[in-house]
Amino acid sequence: MGRSRRTIPEELLLLALDPATGTTAQPQSLDLGLAGAQLVELALAGRIAPDGDRIAVVLPRPTGDPTLDSALELLRRRGSPVRAVHWIGGPRLGLRQTYLTHLERCGMVHAVSGQMCGVLPTTRYQATETAISREIRARLDTAIRTGVPPDPRTAALAALAHAVGLGKHLYPGNEGRSCRSRLRDLIRHDPMGGLVAHAVMDVQNGVGAQSRRAQAGTAGGSSPGRPAARATATAGGSARHMPEQPRHLAGGMVRAGAR
């Protein structure tokens with residue numbers, strides 16, 4: 001059935017899977033969340049550590065998990081600490097599909113082929129080990145309803161679930177409002193989870209893109225304020241900022257219908 005302890009990216013993906021439809025809630029922000037969850041997992045394994053708002057590699061030794069080790073190697077190649085918002089906002093093409101394939105290989109989900117509009121092939125994923133999904137959800141519920149500080153893994157999972165917008169999926173409607181609020185509050189119980197969760201939300205709000213444009217503008221001799229002004233201008237002349245989607249979001253699904 002696979003490893004006895006699941007990684008935080010795997011648990012986040014299982015939380016997002018809709019058992020009825022086989023699709024994932026919040027698919028675009030979930031891609032960001034998976035990249036952030038990898039950072040948390042590497043931190044818990046002692047491979048990286050926060051350095052202000054940056055991520056530093058402290059032990060480049062492989063973990064034995066190919067997907068995590070690929071991320072660790074990319075961080076190592078940077079040579080210096082990288083801002084969490086820039087790492088999470090970078091291209092992560094196929095990351096969600098990689099984890100779905102891994103969960104299928106471990107027997108936790110199974111792929112269901114279909115067609116969209118009777119023509120376009122689609123793939124949905126149904127959870128097969130529903131007890132695992134219930135156990136993950138129960139940990140969140142316990143942390144929310146008892147007020148007892150959760151363990152670091154659960155705290156980080158809660159922070160990421162809030163950051164990618166799973167609160168309304170897990171605790172819908174007016175009756176779930178207080179649970180959603182407490183889910184958000186759990187972000188304070190794990191420093192690394194909090195750093196990553198805030199970076200995920202910043203990327204969704206376009207903060208990472210603004211920062212990169214500001215740095216590029218300063219390097220080219222522009223005024224530091226000018227890139228931000230351009231970023232907030234829209235075709236209609238309003239001052240509302242429209243978040244720039246990273247490349248791995250702009251292309252849609254990796255596999256048609258694999259949501």
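These numbers come from the heavy atoms of this one structure, side chains and all, not from hydrogens, waters or symmetry mates. Keep in mind it's a predicted model, so treat the numbers as computed, not measured.
- Side-chain N/O atoms of E11 and T7 include no donor and acceptor closer than 3.5 Å.
- Residues R137 and S133 form no side-chain contact, since every pair of their non-hydrogen atoms from C-beta on lies 4.5 Å or further apart.
- Minimum interatomic distance between A49 and V58 (heavy atoms only, all atoms of both residues): CB-CG1, 4.0 Å.
- Only one option out of L75, L74, L42 pairs with V57 in a side chain to side chain contact (heavy atoms under 4.5 Å, CB included); it is L75.
- You'll find the side chain of R134 reaches within 4.5 Å of the side chain of T130, heavy atoms only.
- The OG1 atom of T24 sits 8.0 Å away from atom CG of D31, with the distance rounded to the nearest 0.5 Å.
- Here the CD1-CZ distance, from I48 to R76, works out to 14.5 Å after rounding to the nearest 0.5 Å.
- Looking at D69 and P66, their side chains never come closer than 4.5 Å, going by heavy atoms from C-beta outward.
- Taking CG from L12 and CG from L166, the interatomic distance works out to 6.0 Å, rounded to the nearest 0.5 Å.
- Between the side chains of Y125 and D18, not a single donor N or O lies within less than 3.5 Å of an accepting N or O.
- Interatomic distance, R61 CZ to T63 OG1, rounded to the nearest 0.5 Å: 10.0 Å.
- For the residue pair R54 and P81, the shortest heavy atom distance occurs at NH1-O, 3.5 Å.
- The shortest side-chain heavy-atom distance between H169 and Q26 does not fall under the 4.5 Å cut-off.
- Between I55 and R83 there is no side-chain heavy-atom pair separated by less than 4.5 Å.
- In this model, no donor atom of one side chain and acceptor atom of the other lie less than 3.5 Å apart for Y99 and E104.
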Starting from the C-alpha separation in whole Å, work towards a yes-or-no answer on side-chain hydrogen bond (donor to acceptor under 3.5 Å, both in side chains) for R177 and S181. CA-CA 6 Å; R177 184 177 300 172; S181 177; over 6 Å; no
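- A pairwise comparison of heavy atoms in L44 and I8 identifies CD1-CD1, 3.6 Å as the closest pair.
- At least one side-chain heavy atom of I132 sits under 4.5 Å from a side-chain heavy atom of R6.
- Between R47 and E41 there is no salt bridge, since no side-chain N of the basic residue sits under 4.0 Å from a carboxylate O of the acidic one.
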Go through it in stages, so that I can follow the logic: the residues are V164 and L32, the test is side chain to side chain contact (heavy atoms under 4.5 Å, CB included), and I'd like the CA-CA distance, side-chain angles, deciding distance and then a yes or no. CA-CA 8 Å; V164 303; L32 302 175; 5.6 Å; no
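- If you take SG on C179 and CG on D141, they are separated by 7.0 Å, rounding to the nearest 0.5 Å.
- Contact detail for G173 and R180: the closest heavy-atom pair is O-NH1, 2.9 Å.
- Across all non-hydrogen atoms, the minimal contact from L59 to L72 is O-CD2, 4.2 Å.
- The heavy-atom pair separating T67 from L95 by the smallest distance is CG2-CD1, 4.1 Å.
- Within the 4.5 Å cutoff, side-chain heavy atoms of I136 are placed close to those of L15.
- With rounding to the nearest 0.5 angstrom, the CE atom of M108 is 11.0 Å from the CG atom of L100.
- Between the side chain of T154 and the backbone N or O of P150 there is no donor-acceptor pair closer than 3.5 Å.
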Test V85 against D53 for side chain to side chain contact (heavy atoms under 4.5 Å, CB included), laying out the working first. CA-CA 8 Å; V85 69; D53 67 344; over 6 Å; no
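- Two residues are said to be in side-chain contact when any heavy atoms from C-beta on lie closer than 4.5 Å; Q38 and L34 fail this criterion.
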